Amino acid sequence: AMAARASMGGVSRGVSVQVTGGRDTHFTDWTRDQGPRQQQGVDAVARLIEELVANEYNGTGSSWLDHTVVVGFSEFSRTSMINERGGRDHSLTNASFVVGAGIQGGQVIGASSDRGLEPTAVNLQTGRPELGGEVIRPEHIMQTLLHNAGYTDDFVDLRVDPIPVLQR
């Protein structure tokens, strides 16, 4: 609620929130705690999006979500396999979600491999796995968001292309 109010109330044009904690589960607590904690975070983000959709943007007839981008990610992910302690360790493989202004939603971009669930290279134009494509990194998401905002030069030196299939 505070993130939505800060954005819609003009307090801040960028808001960062931690929607849940306690996900550093290397032991058997993973099976008990990880799911409910992730659900808590997903529910908080859903409420934020619902609030943005429910409110009109400055008398335009469009919603605040039509003028806002919500990005969700973690600083690290979890290994695909259970470790010897019954939990999961840190992994460089990760996932994120992006919703809102300028984003073509309702799709999954990228994939993980059948062995080890490692990220696979994808065609940035289609979002589908393709030999010779690129493994999507956070820089690709950032570059896409910058392009959506009209910044088409790589002024922050991300050295990656945007993901056209993610753009509306």
Side-chain angles (χ1 to χ4, degrees), residues 1-21 23 37-78 90-113 117-168:
M2 289 177 58
R5 292 293 143 208
S7 291
M8 294 186 297
V11 173
S12 178
R13 292 183 58 103
V15 179
S16 176
V17 296
Q18 178 179 329
V19 294
T20 188
R23 294 179 319 276
R37 289 176 181 159
Q38 285 185 13
Q39 188 65 56
Q40 176 186 7
V42 168
D43 291 347
V45 171
R47 287 190 302 274
L48 169 63
I49 291 170
E50 288 168 356
E51 184 75 11
L52 294 170
V53 168
N55 286 280
E56 184 178 359
Y57 180 79
N58 297 334
T60 63
S62 59
S63 76
W64 269 88
L65 187 61
D66 294 324
H67 299 268
T68 305
V69 177
V70 178
V71 180
F73 62 92
S74 176
E75 76 280 12
F76 61 83
S77 191
R78 290 284 168 207
H90 298 208
S91 175
L92 294 177
T93 302
N94 208 337
S96 67
F97 67 85
V98 186
V99 61
I103 300 300
Q104 181 61 46
Q107 59 184 331
V108 173
I109 299 172
S112 54
S113 66
L117 299 176
E118 296 297 322
T120 61
V122 300
N123 178 319
L124 297 180
Q125 299 293 323
T126 67
R128 303 285 175 240
E130 181 177 284
L131 288 175
E134 295 185 51
V135 172
I136 296 176
R137 300 190 321 258
E139 295 93 322
H140 289 94
I141 304 289
M142 167 112 23
Q143 191 73 276
T144 303
L145 297 176
L146 288 169
H147 274 240
N148 281 350
Y151 300 101
T152 56
D153 293 330
D154 191 14
F155 70 96
V156 293
D157 198 27
L158 295 173
R159 302 177 190 186
V160 297
D161 291 324
I163 307 169
V165 71
L166 185 58
Q167 299 171 298
R168 187 173 326 148

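It should be emphasised that the depicted structure is a prediction, and the values quoted were computed from it without experimental measurement. Below, each value reflects all heavy atoms present in this structure, side chains not excepted, and no hydrogens, waters or symmetry copies. Start at 1 with the first residue, then count along the sequence.
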| For Glu50, all residues meeting side-chain hydrogen bond (donor to acceptor under 3.5 Å, both in side chains), sequence neighbours excluded | none
| said: Strictly distance-based, threshold 3.5 Å: is any side-chain N or O of Trp64 a donor or acceptor partner for the main-chain N or O of Glu56? | reply: yes
| Separation between CG of Leu48 and CG of Asp43, rounded to the nearest 0.5 Å | 12.5 Å
| Neighbour count above 12 (heavy atom, 6.0 Å) for Met8 CE | yes
| note | Sequence neighbours excluded, the answer for ring pair (Phe, Tyr, Trp, His ring centres under 6.0 Å) partners of Phe97 is none
| query | Can you pull the salt bridge (charged side-chain N to carboxylate O under 4.0 Å, His left out) pairs that have at least one residue in residues 151-165, sequence neighbours excluded? | reply | Asp157-Arg159
| Would Ile103 and Leu145 satisfy side-chain contact (heavy atoms from CB on, under 4.5 Å), going step by step from the backbone distance to the final call? | CA-CA 9 Å; Ile103 300 300; Leu145 297 176; 4.0 Å; yes
| query | Hey, mind stepping through Val165 and Ile109 against side-chain contact (heavy atoms from CB on, under 4.5 Å) and telling me if it holds? | reply | CA-CA 8 Å; Val165 71; Ile109 299 172; 3.6 Å; yes
| field | Where Ala111 and Pro129 come nearest, the two heavy atoms and their spacing | value | CB-CG, 3.6 Å
| field | Closest contact, heavy atoms only, Leu158 versus Met142 | value | CD1-CG, 3.4 Å
| note | In terms of heavy-atom contacts, Asn148 and Gly102 come closest through ND2-O, 3.1 Å
| task | Kindly check if the number of other-residue, nucleotide or ligand heavy atoms within 6.0 Å of CD (Gln107) is above 12? | result | yes
| query | Sequence neighbours excluded, which residues qualify as side-chain hydrogen bond (donor to acceptor under 3.5 Å, both in side chains) partners of Gln40? | reply | Thr20
| note | Shortest non-hydrogen pair, Gly110 vs Val122, comes out as CA-CG1, 3.3 Å
| query | Which atom pair, heavy atoms only, marks the closest approach of Pro162 to Leu124? | reply | O-CD1, 3.7 Å
| note | So the salt bridge (charged side-chain N to carboxylate O under 4.0 Å, His left out) pairs with at least one residue in residues 139-150 (sequence neighbours excluded) are Arg137-Glu139
| field | Qualifying residues under side-chain contact (heavy atoms from CB on, under 4.5 Å), relative to Tyr151, sequence neighbours excluded | value | Leu146, Ala149, Phe155
| task | Report yes or no: does Thr144 contribute a side-chain atom to a donor-acceptor pair with the main-chain N or O of Ile163 at less than 3.5 Å? | result | yes
| query | Step by step, would you call Leu65 with Val70 a side-chain contact (heavy atoms from CB on, under 4.5 Å)? | reply | CA-CA 8 Å; Leu65 187 61; Val70 178; 4.3 Å; yes
| Aromatic rings His67 and Tyr57: how do their planes relate, parallel, tilted or perpendicular, breaks at 30° and 60°? | parallel
| Of all heavy-atom pairs between Val19 and Gly41, which one has the smallest distance, and what is that distance? | CG2-CA, 3.5 Å
| Set of residues satisfying side-chain contact (heavy atoms from CB on, under 4.5 Å) with respect to Ala54, sequence neighbours excluded | none
| task | Tell me, please, which residues at least two apart from Ser63 pass side-chain hydrogen bond (donor to acceptor under 3.5 Å, both in side chains). | result | Asp66
| message | According to salt bridge (charged side-chain N to carboxylate O under 4.0 Å, His left out), who are the partners of Arg128, at least two apart in sequence or on a separate chain? | response | none
| Who are the side-chain hydrogen bond (donor to acceptor under 3.5 Å, both in side chains) partners of Arg5, not counting sequence neighbours? | Glu51
| message | Once side-chain contact (heavy atoms from CB on, under 4.5 Å) is applied, do any residues pair with Glu118, and if so which ones, sequence neighbours excluded? | response | Thr93, Ser113
| task | Kindly state each residue pair satisfying ring pair (Phe, Tyr, Trp, His ring centres under 6.0 Å) with at least one member in residues 119-150, sequence neighbours excluded. | result | none
| task | Spell out, as yes or no, whether a donor-acceptor pair under 3.5 Å connects the side chain of Asn123 to the backbone of Glu130. | result | no
